[in-house]
Structure formats: C-alpha cells, structure tokens
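Ligands are counted one by one from 1 in listed order, and the atoms in each one are counted from 1 as well.
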Amino acid sequence: MLTLPLNHVIESQQFDRNLLEIVFQVADQMKADLLGERKYAKALDGKIMASLFYESSTRTRFSFESAMLRLGGSVITTENAREFSSASKGESLADSTRIMNGYADVIVMRHNEAGSAVKAAAVSRIPIINAGDGAGQHPTQALLDMYTIVDTFPKFSGLKVAMVGDLRYGRTVRSLSYLLTKYEGVEIVFVSPSVCRMEADIKEYLDKNNINWHEETDLKKVAKEVDCVYMTRIQKERFHSVDDYKAAASKYILTPEIVQTMKQDAIIMHPLPRVDEIPAEVDTDPRARYFEQAQNGLYVRMALLFLLLQNN
Ligand code: CP
C-alpha cells in the first residue's frame with residue numbers, strides 16, 4: 001500500500017522524488033477512478049476536512065472541497081475566515097488551530113502571512129495542508145503543476161522552463177522551483193519586471209542543487225527557446241508601493257503573436273487566476289494547458305487527502 005510519511009504538507013521541500021512519484025501514481029488512480037469504477041467513493045467516509053481560508057480562492061478551496069466530497073468525506077468551512085471566524089475578534093491562529101483539532105481530521109489552510117502554516121502545524125495533532133501562505137509557498141499548487149509537466153513530458157530530460165511575471169510575491173513559482181530540482185537536466189529562465197524578481201533564497205537553493213538558471217527580460221526571445229512557459233499574475237494585493245505595482249502591471253503579456261513562435265510541443269501554464277497576462281485568444285491553442293492544469297488539482301488533492309487520511 002502506498003503511504004505518505006508526512007504529518008503536514010507545509011512546503012515543497014518536503015517532497016523528494018520518491019514522494020512525488022507516490023502522489024502522482026495515486027493521482028493517476030483517482031483520475032481513472034472518477035471516470036470509471038468509483039471504488040474510492042467512500043474511501044474517506046466519516047472523515048472531516050476543515051477548510052480555513054483567510055484569503056480568497058476559487059481553485060484551491062473548491063478543488064480541495066470537491067476532492068474530500070468525492071472521497072466520501074465531509075467538509076466544514078467558513079466564508080472568509082478573516083471576517084467570519086473568531087480571528088475577527090482577535091483570536092490567534094494557534095488557538096483557532098487547537099480548536100479546529102477537536103472538530104476535524106485535517107485542516108486545509110490559506111493565510112495572508114508567510115509562515116502561518118508552520119505556526120499552525122506547531123500546535124496541531126491533525127494534518128495541516130498549506131493552501132498558500134502569503135508570499136511564502138503553495139506546495140499543493142506546485143504538486144499539480146509538476147503532475148501536469150510530468151504528464152506532458154514523461155521522459156523529462158533537459159527540460160527548459162520559463163517562469164514569467166511576479167516572481168517575488170508569487171508563491172507558486174517559489175514552490176515549483178523547489179520541485180523542479182528533483183528532476184535531472186532542468187533549466188529555469190526567470191523573466192520578470194525588475195521590481196518583482198525571484199528572491200535570493202530560491203536562487204541559492206537552485207545553485208546548491210546544481211540547477212541551471214538565469215534571468216532574462218525579453219519574453220519574445222525566451223518563449224521561442226523553452227519547453228514550458230509558466231505565466232503568473234502580478235500580485236497587486238502584495239505590493240507595498242503603487243509605483244512598483246504600476247511598473248510591473250501588464251509588462252509581460254503572452255500574446256498570440258508570441259505563442260506562434262513557441263515550439264510546437266511546448267506548453268503554456270498558469271496557476272490562475274489571470275488578469276491580462278494571457279489573452280483569451282490563446283486559450284484555443286493546443287499548447288495552452290492552464291485549464292487542464294487546474295483540473296489536475298482535483299486529482300492531486302484527492303491523492304493527498306487519501307494518502308494523509310487513509311490510516312489516520
Ligand atoms: N491557483 C490558485 O491558487 O488559485 P486560487 O487562488 O483560485 O485558489
């Protein structure tokens with residue numbers, strides 16, 4: 001039986017190649033099961049997932065909730081935990097976590113502050129799954145991103161990935177960078193406005209793990225050369241300066257003209273939501289994978305919940 005020897009899912013660095021393959025194998029099983037036998041339909045019968053979201057979400061929250069329901073479990077939740085949980089009365093995250101331990105078997109938590117998932121895990125007997133903590137990490141997004149990449153490029157040799165947009169405040173590119181180090185021959189090109197370049201801690205981690213990376217400013221030049229263009233939204237809500245935001249907004253747009261120059265077997269990814277960085281005309285290009293990527297989130301999150309809770 002496949003198991004995941006983790007108490008919590010907090011950051012991408014927790015996943016080595018072996019754990020990634022376990023998650024992806026179970027995600028494949030979940031995908032096949034949803035289309036076929038439905039033998040996992042009661043796999044988590046009697047289990048309760050608390051979704052505690054202090055920040056807005058469409059994909060992460062609904063795919064986790066759908067995943068739990070499709071596995072036969074139940075979900076307890078609050079609309080906007082910042083406003084409608086007792087956080088609004090000043091309750092600490094640690095106290096809220098301790099209380100939720102008595103009501104649920106797993107907590108999926110999104111928070112506006114980096115490091116909040118670590119704080120919650122420190123006082124939690126039940127698994128905490130980090131569904132995004134400020135500009136910190138979004139490990140389950142990275143898992144579904146990697147699942148999508150591996151599904152497209154099963155041999156995965158010498159793959160060149162461009163990460164484009166807000167690399168400073170975008171937590172998905174940080175988490176994905178960690179996972180890419182688990183595969184041989186990867187090269188990463190960072191393309192961003194100067195006010196939101198990738199942070200030094202990630203660059204140092206890539207160096208330590210012998211991953212080739214460099215920075216570019218010309219998206220037209222880079223798009224032709226890479227196997228995967230991973231676009232991201234400029235995270236307006238995390239900028240401290242309006243001038244910096246204005247300097248970054250709408251700077252990198254993957255136009256249909258640029259897409260025309262990409263390799264035929266390349267792919268376009270985006271964690272979504274998007275603003276203007278990928279025009280809707282690109283959606284019908286067979287290289288556009290962002291909706292499939294979001295769908296894969298369901299299978300990967302079913303796999304994670306199953307692996308964390310099956311024997312718990
Ligand atoms: N990709 C992602 O985290 O989307 P949501 O903010 O809608 O959850």
Side-chain angles (χ1 to χ4, degrees), residues 9-12 15 23 27 49-70 75 77-83 106-117 120 128-149 151 161 163-180 196 228-239 252 254 267-278 280 282-283 288-305:
V9 176
I10 305 296
E11 56 186 16
S12 287
F15 290 84
V23 172
M49 181 188 93
S51 60
L52 203 53
F53 277 59
Y54 294 84
E55 268 192 347
S56 59
S57 167
T58 298
R59 279 145 291 275
T60 313
R61 178 172 164 189
F62 287 112
S63 63
F64 260 117
E65 293 187 357
S66 174
M68 192 62 180
L69 296 172
R70 289 195 185 283
V75 175
T77 186
T78 174
E79 288 300 324
N80 183 0
R82 244 198 285 188
E83 192 179 345
V106 59
I107 298 172
V108 178
M109 193 183 83
R110 170 167 290 187
H111 204 280
N112 45 302
E113 283 173 24
S116 51
I128 299 288
I129 301 180
N130 180 6
D133 60 334
Q137 283 222 28
H138 194 348
T140 68
Q141 176 71 43
L143 289 172
L144 73 91
D145 291 343
M146 207 66 235
Y147 179 74
T148 305
I149 295 172
D151 188 50
V161 179
M163 297 186 183
V164 184
D166 187 348
L167 308 183
R168 180 174 181 193
Y169 300 113
R171 54 198 173 200
T172 70
V173 283
R174 294 175 55 77
S175 290
L176 182 58
S177 295
Y178 286 117
L179 290 195
L180 284 168
C196 41
C228 172
V229 177
Y230 189 102
M231 297 296 295
T232 63
R233 175 178 70 89
I234 302 297
Q235 310 265 308
K236 186 177 182 181
E237 66 276 23
R238 301 203 199 285
F239 276 73
Y252 288 108
L254 191 69
I267 58 172
I268 302 162
M269 298 177 69
H270 194 308
L272 303 176
R274 64 177 155 179
V275 181
D276 59 358
E277 58 277 2
I278 303 182
V282 174
D283 296 355
R289 296 294 176 83
Y290 27 92
F291 294 119
E292 180 189 330
Q293 183 185 349
Q295 179 63 36
N296 285 339
L298 175 67
Y299 313 132
V300 167
R301 287 167 176 143
M302 284 177 79
L304 273 180
L305 289 171

Nearest-neighbour protein heavy atom for atom 7 (O) of ligand 1, which is reported as residue plus atom name and distance: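 Of every protein heavy atom, T58 N, 2.7 Å lies nearest to atom 7 (O) of ligand 1.
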Given that the side chain starts at C-beta and the backbone is N, CA, C, O, which of these parts of T172 lies under 4.0 Å from ligand 1, counting heavy atoms, or is it both or neither? neither
How long is the gap from OG on S51 to CD1 on I129, to the nearest 0.5 Å?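 It is 11.0 Å, given to the nearest 0.5 Å.
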salt_bridge(R61, E55) N-O dist < 4.0 Å: no
side-chain hydrogen bond (donor to acceptor under 3.5 Å, both in side chains) filter on D133, not counting sequence neighbours, yields N130
Close N or O approach (P271, ligand 1; < 3.5 Å):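 Yes: some nitrogen or oxygen of P271 is under 3.5 Å from one in ligand 1.
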Using heavy-atom distances, let me know which of R59, E55, R110, R61 sits nearest atom 6 (O) of ligand 1.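 Looking at heavy atoms only, the winner is R110.
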Sequence neighbours excluded, which residues qualify as salt bridge (charged side-chain N to carboxylate O under 4.0 Å, His left out) partners of D283? R274
Please assess M269 against V161 for the test side chain to side chain contact (heavy atoms under 4.5 Å, CB included), listing each intermediate value before the final yes or no. CA-CA 10 Å; M269 298 177 69; V161 179; over 6 Å; no
Would you mind listing which atoms of ligand 1 come within a distance below 4.0 Å of any non-hydrogen atom of L272? 1 (N), 2 (C), 4 (O)
